[in-house]
Asks: 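Before anything else, here's the structure in question.
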Amino acid sequence: MASSAIARAGIYLHALAARAARDPERPQCHFVPPARWMNDPNGTIFYRGWYHLFYQLNPFGDQWGFMHWGHARSRDLVHWEHLPIALAPDVEQGEEHCYSGSIALDHAGQPCLLYTSVGFAETRPYWQCLARPLDDDLCTWQRSIAQVMPGLMTEQARDPYMFTWLGRTFVILGDAQAVLLYEAIGGDFTRLQARTPLVVIAPGQLDFCECPNFLPVGADHWVLLMSPFRAVEWRLGTFDGEQFRIEQQGTLDAHDGFYATNTLTDAEGRTVVLGWIRGFPAGRGWNGCLSLPRLLERDSRTGIRQRFHPCLELLRQGAAQSWQGVVRGERILASGLISAAEVMLTASAAFTLRVCGVLIAWDGAELVIESTAVALSSAQLELHLVVDRTVIELFAAGGRTAITRVVSVPERDEVALITAQDAEISAQIFHLRGS
């Protein structure tokens, strides 16, 4: 049954692939499924030389519903190969959705996939289900939703995420007012024991702790990421295997267009954060894309800062168009960029930056992208951003501020700077090729 359901879903998925590929609004440097709807990145792992991406997928439409697990792989985190759908709901056993989850290696060094099973019946509890691969390419999975993992049958907790600490293995789940913590005894995901929750949220502060991730940052700190139906939030602190002591907290991205994170460890041992970019219009045969990979670092002042993973450099086409000097009025910094560009800019005074038609303004106290404004007071401003057709990802002030959102269709193929007073400008602009 499972193989036939996956095959049928794959036919629907690829039926609109040619139309989706021709859409001028579809990002070309970000990962996008062949067609239809995408949301949360799920099991993300570097395994046997490949980066594997699993993701929430509706193969039957370009809006949310009928959650499957899509699958792709990459050697470098930017060039992706689409693979067959990994999981389809087992309708015969009452399963309507395969919700989000994660992948990790068990005590035997074998990949395990853990996801939330959601049934048709509203009275059926959520089940956290375990699946194991039948091949090294992680394309075929063996599971049974009848085998409920001990202690993980709940009314609403979901989105299991697995991590290790000093040789011990843990699973966390998002709930309405808490991030629940379980330990896999001996690294065995079928032997889970409840521990003290990582965090308990006071009533009224969060609607739900969706898609929790827990990852090391710096030498001795951990960061908890949560997606509470709005912009992703973080908590930074220390973890001793029993308790998470929070020291700082904040918002990972100023806009909720970046949502539902998941993580992996890259080939260099760095923890990579990926997110779902949302906010695209319906009716185009596709909807949703993956963010560019990010690295999180601890910052002594703000707690967390972010930067693009170095894999972004693989998308650069040709040499940089560079400009340095004093600007007053309007100056074209680069042209011929088609619809995807990477910009690194430092400016000493207020400016408006136009990148492929997207307007970014800074008045010395506030940074504005269309309707999104962030307080940012400084003597000068440093930006690193990517515009990819209808997506912009931007880091400002050394990565202490991030803004990600869906924007209007590109209208121009240039980068221009406009200032009302003399501004010392240093800029590097790259044209980016499609992934």
Asks: Do you know the tightest heavy-atom contact between Gly283 and Asp62?
Replies: N-OD2, 2.7 Å
Asks: side-chain contact (heavy atoms from CB on, under 4.5 Å) between His384 and Glu342: does it pass, once the steps are laid out?
Replies: CA-CA 7 Å; His384 190 182; Glu342 177 190 5; 2.7 Å; yes
Asks: Nearest heavy-atom pair of Arg235 and Phe244: which atoms, and what distance?
Replies: O-CZ, 3.4 Å
Asks: Is any side-chain heavy atom of Trp69 closer than 4.5 Å to one of Gln56?
Replies: yes
Asks: Quick one: does any side-chain atom of Gln177 pair with a main-chain N or O of Ala202 as donor and acceptor, under 3.5 Å?
Replies: yes
Asks: Phe170 pairs by ring pair (Phe, Tyr, Trp, His ring centres under 6.0 Å) with which of Tyr161, Phe189, Phe214, Phe239?
Replies: Phe239
Asks: Closer than 3.5 angstrom, by distance alone: can the side chain of Arg433 be matched with the main-chain N or O of Arg316 as a donor-acceptor pair?
Replies: yes
Asks: Is there a side-chain contact (heavy atoms from CB on, under 4.5 Å) between Val386 and Cys29? Walk through the geometry before answering.
Replies: CA-CA 9 Å; Val386 168; Cys29 298; 5.6 Å; no
Asks: With a sphere of 6.0 Å drawn around OH of Tyr12, does it hold more than 12 non-hydrogen atoms of other residues, nucleotides or ligands?
Replies: no
Asks: Calculate, to the nearest 0.5 Å, the distance between atoms SG and CD belonging to Cys209 and Glu233 respectively.
Replies: 9.0 Å
Asks: Taking only Lys NZ, Arg NE, NH1 and NH2, and the carboxylate oxygens of Asp or Glu, determine whether Arg245 and Glu247 approach each other closer than 4.0 Å.
Replies: no
Asks: Drop me the distance from Asp175's CG to Ile201's CD1, to the nearest 0.5 angstrom.
Replies: 11.0 Å
Asks: Where do Tyr115 and Trp141 land on the side-chain contact (heavy atoms from CB on, under 4.5 Å) test, with the steps shown first?
Replies: CA-CA 12 Å; Tyr115 77 97; Trp141 295 84; over 6 Å; no
Asks: I'd like to know whether CD of Gln317 has more than 12 heavy-atom contacts from other residues, nucleotides or ligands below 6.0 angstrom.
Replies: yes
Asks: Does atom CZ of Phe66 have more than 12 heavy-atom neighbours, drawn from other residues, nucleotides or ligands, at distances under 6.0 Å?
Replies: no
Asks: Looking only at heavy atoms, which two atoms of Val179 and Pro212 are closest? And how far apart?
Replies: CG1-CB, 4.0 Å
Asks: Please give me the minimum heavy-atom distance between Arg270 and Pro310, naming the atom from each residue.
Replies: NH1-CG, 3.8 Å
Asks: To the closest 0.5 Å, what do you measure between CG (Asn262) and CG (Leu274)?
Replies: 7.5 Å
Asks: Any non-hydrogen side-chain atom of His97 less than 4.5 Å from a side-chain atom of Thr116?
Replies: no
Asks: Are the side chains of Thr169 and Thr164 in touch, meaning some heavy atoms are under 4.5 Å apart?
Replies: yes
Asks: With rounding to the nearest 0.5 Å, note down the distance linking CZ in Arg26 to CZ in Phe280.
Replies: 10.0 Å
Asks: What I want to find out is whether Glu210 reaches Arg158 closely enough, with some N-O distance under 4.0 Å, to be called a salt bridge.
Replies: yes
Asks: One thing to verify: whether Asp256 and Arg278 come together as a salt bridge, which I'm taking to mean a side-chain N less than 4.0 angstrom from a carboxylate O.
Replies: yes
Asks: Check whether any side-chain heavy atom of Ile392 lies under 4.5 Å from a side-chain heavy atom of Arg405, and answer yes or no.
Replies: yes
Asks: Could you tell me whether the side chain of His68 reaches within less than 4.5 Å of the side chain of Leu87, counting heavy atoms only?
Replies: no
Asks: Quick check against the 3.5 Å criterion: does Thr302 have a side-chain atom that pairs as donor or acceptor with the backbone of Ile304?
Replies: yes
Asks: For the residue pair Leu77 and Leu314, establish whether any side-chain heavy-atom pair is separated by less than 4.5 Å.
Replies: no
Asks: Starting from the C-alpha separation in whole Å, work towards a yes-or-no answer on side-chain contact (heavy atoms from CB on, under 4.5 Å) for Leu225 and Leu215.
Replies: CA-CA 8 Å; Leu225 304 179; Leu215 56 145; 4.0 Å; yes
Asks: For Ser117 and Glu95, does a side-chain donor sit closer than 3.5 Å to a side-chain acceptor?
Replies: yes
Asks: Could you state the interatomic distance from OH (Tyr47) to CG (Asp137), rounded to the nearest 0.5 Å?
Replies: 10.0 Å
Asks: Which atom pair, heavy atoms only, marks the closest approach of Leu367 to Ala396?
Replies: CD2-CB, 4.0 Å
Asks: Quick check against the 3.5 Å criterion: does Asn58 have a side-chain atom that pairs as donor or acceptor with the backbone of Gln63?
Replies: yes
Asks: Say whether, by atom type as modelled, one donor and one acceptor occur between the side chain of Thr140 and the main chain of Leu134 under 3.5 angstrom.
Replies: no
Asks: Ignoring hydrogens and angles, tell me if any N or O in the side chain of Asp388 forms a donor-acceptor pair with the backbone of Val391 under 3.5 Å.
Replies: no
Asks: Do Thr261 and Pro41 make a side-chain contact, defined as non-hydrogen atoms from C-beta onward lying under 4.5 Å apart?
Replies: no
Asks: Using 4.0 Å as the upper bound for N to carboxylate O, is an ion pair formed by Arg132 and Asp106?
Replies: yes
Asks: Quick one: does Gln128's side chain have a donor or acceptor within less than 3.5 Å of a partner on Pro160's backbone?
Replies: no
Asks: A side-chain contact here means heavy atoms from C-beta on lying under 4.5 Å apart; do Thr44 and His52 qualify?
Replies: no
Asks: Evaluate the criterion side chain to side chain donor-acceptor pair (under 3.5 Å) for residue pair Asp40 and Ser100; output intermediate values, then yes/no.
Replies: CA-CA 7 Å; Asp40 313 356; Ser100 294; 2.7 Å; yes
Asks: Consider ring pair (Phe, Tyr, Trp, His ring centres under 6.0 Å). Of Trp80, Phe31, Trp276, which one does Tyr55 pass it with?
Replies: Phe31
Asks: With rounding to the nearest 0.5 angstrom, report the CG to CG distance, Leu114 to Leu173.
Replies: 7.5 Å
Asks: What pair of heavy atoms forms the shortest contact from Arg36 to Ala15, and how long is it?
Replies: NH2-CB, 4.0 Å
